[in-house]
Amino acid sequence: MSALGPGCTITPQMPYTLQDQNRLDIVIYEEDYLTRALLQEWLSQAGYRVRVGRPHEADLDRPADLVILNVYMPKQAGAQWVRDIQSAHPDTPIIAISGQFRSGLCAGGATAQTLGVRQVIAKPLIRADLLEAVRGMIGASE
């Protein structure tokens, strides 16, 4: 066992590096575990910092650069979540995802306007489409 003194090296461990603090922050609200894990993996690999919001417990005190939200969660009306997030953080862009959207739906069209979000994406999700939408709204992560 070593003791503190000359020649001793202490390396502090921080939860985030300075580089992490400069990364763009995305919050995901998705009840389906596999979809949530896939979104986390894709976005983290692309260089974004990803937080998972607990379904039905939106953390509206902590702002984010972007919110990705499943609007057809069975126990919570997604449209109400959108209103709550917009009320707390009116400048935070929201991407709505759902298996109820039809493929080929216009990303920023009437459905997005009706929900009050910037973009909608149909499930099953395609990685390239999701990352293109994210980059289009908040830019590439550094």
Side-chain angles (χ1 to χ4, degrees), residues 1-5 8-142:
M1 183 170 161
S2 63
L4 288 175
C8 180
T9 303
I10 298 174
T11 306
Q13 297 293 318
M14 302 297 284
Y16 297 108
T17 65
L18 288 176
Q19 181 180 11
D20 287 337
Q21 292 175 3
N22 294 326
R23 292 168 65 185
L24 294 169
D25 189 36
I26 299 173
V27 179
I28 299 169
Y29 292 105
E30 168 63 60
E31 286 189 334
D32 180 70
Y33 171 78
L34 294 175
T35 302
R36 188 173 58 239
L38 187 62
L39 288 168
Q40 283 181 278
E41 181 179 325
W42 287 350
L43 294 165
S44 294
Q45 287 175 349
Y48 298 98
R49 183 174 52 221
V50 179
R51 289 187 283 139
V52 174
R54 293 176 172 265
H56 320 300
E57 298 175 14
D59 183 4
L60 300 176
D61 294 332
R62 293 180 61 196
D65 295 300
L66 174 69
V67 171
I68 298 175
L69 169 71
N70 180 354
V71 294
Y72 287 103
M73 293 181 279
K75 298 177 187 168
Q76 175 75 17
Q80 183 60 48
W81 280 61
V82 169
R83 288 188 293 274
D84 292 346
I85 292 166
Q86 289 173 332
S87 176
H89 306 286
D91 296 327
T92 299
I94 301 172
I95 295 176
I97 60 173
S98 177
Q100 301 296 318
F101 297 150
R102 63 177 165 41
S103 183
L105 183 68
C106 180
T111 302
Q113 290 177 354
T114 299
L115 287 171
V117 300
R118 299 249 183 108
Q119 188 159 355
V120 294
I121 301 176
K123 290 181 180 179
L125 298 167
I126 298 170
R127 184 179 192 270
D129 293 345
L130 175 73
L131 294 178
E132 180 181 337
V134 169
R135 287 183 193 115
M137 280 192 212
I138 62 173
S141 187
E142 299 194 20

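The CG atom of Asp65 sits 8.0 Å away from the CZ atom of Arg49 when rounded to the nearest 0.5 Å. With rounding to the nearest 0.5 Å, the separation of NE2 in His89 from CG in Asp84 is 10.5 Å. Here CD1 of Ile95 is found 8.0 Å from CD1 of Ile138. Values are rounded to the nearest 0.5 Å. Met137 CE to Leu24 CG: the interatomic distance, rounded to the nearest 0.5 Å, is 13.5 Å. Considering CD1 of Ile97 and OH of Tyr29, their distance stands at 13.5 Å, rounded to 0.5 Å. Distance check, rounded to the nearest 0.5 Å: CZ of Arg36 to CD1 of Ile68 gives 13.5 Å.
A heavy-atom distance below 4.5 Å is not found between the side chains of Leu39 and Val50. Side-chain contact between Leu125 and Trp42 is present, with heavy atoms from C-beta onward closer than 4.5 Å. Using a 4.5 Å heavy-atom cutoff, the side chains of Gln45 and Arg127 are in contact. Put simply, the side chain of Leu130 reaches to within 4.5 Å of the side chain of Leu43, judged on heavy atoms. For the pair Val134 and Leu66, the minimum side-chain heavy-atom distance is below 4.5 Å. In this structure, Ile28 and Arg51 have side chains that are not in contact, with every pair of non-hydrogen atoms separated by 4.5 Å or more. Considering only heavy atoms from C-beta on, Arg135 comes within 4.5 Å of Tyr48 through its side chain.
Counting all heavy atoms, side chain and backbone alike, Val27 lies closest to Gly53 at CG1-N, 3.9 Å.
Glu30 has a carboxylate O that lies under 4.0 Å from a charged side-chain N of Lys123, or vice versa, which qualifies the two as a salt bridge.
With hydrogens and angles ignored, the 3.5 Å screen pairs no side-chain donor or acceptor of Asn70 with any backbone N or O of Ser98.
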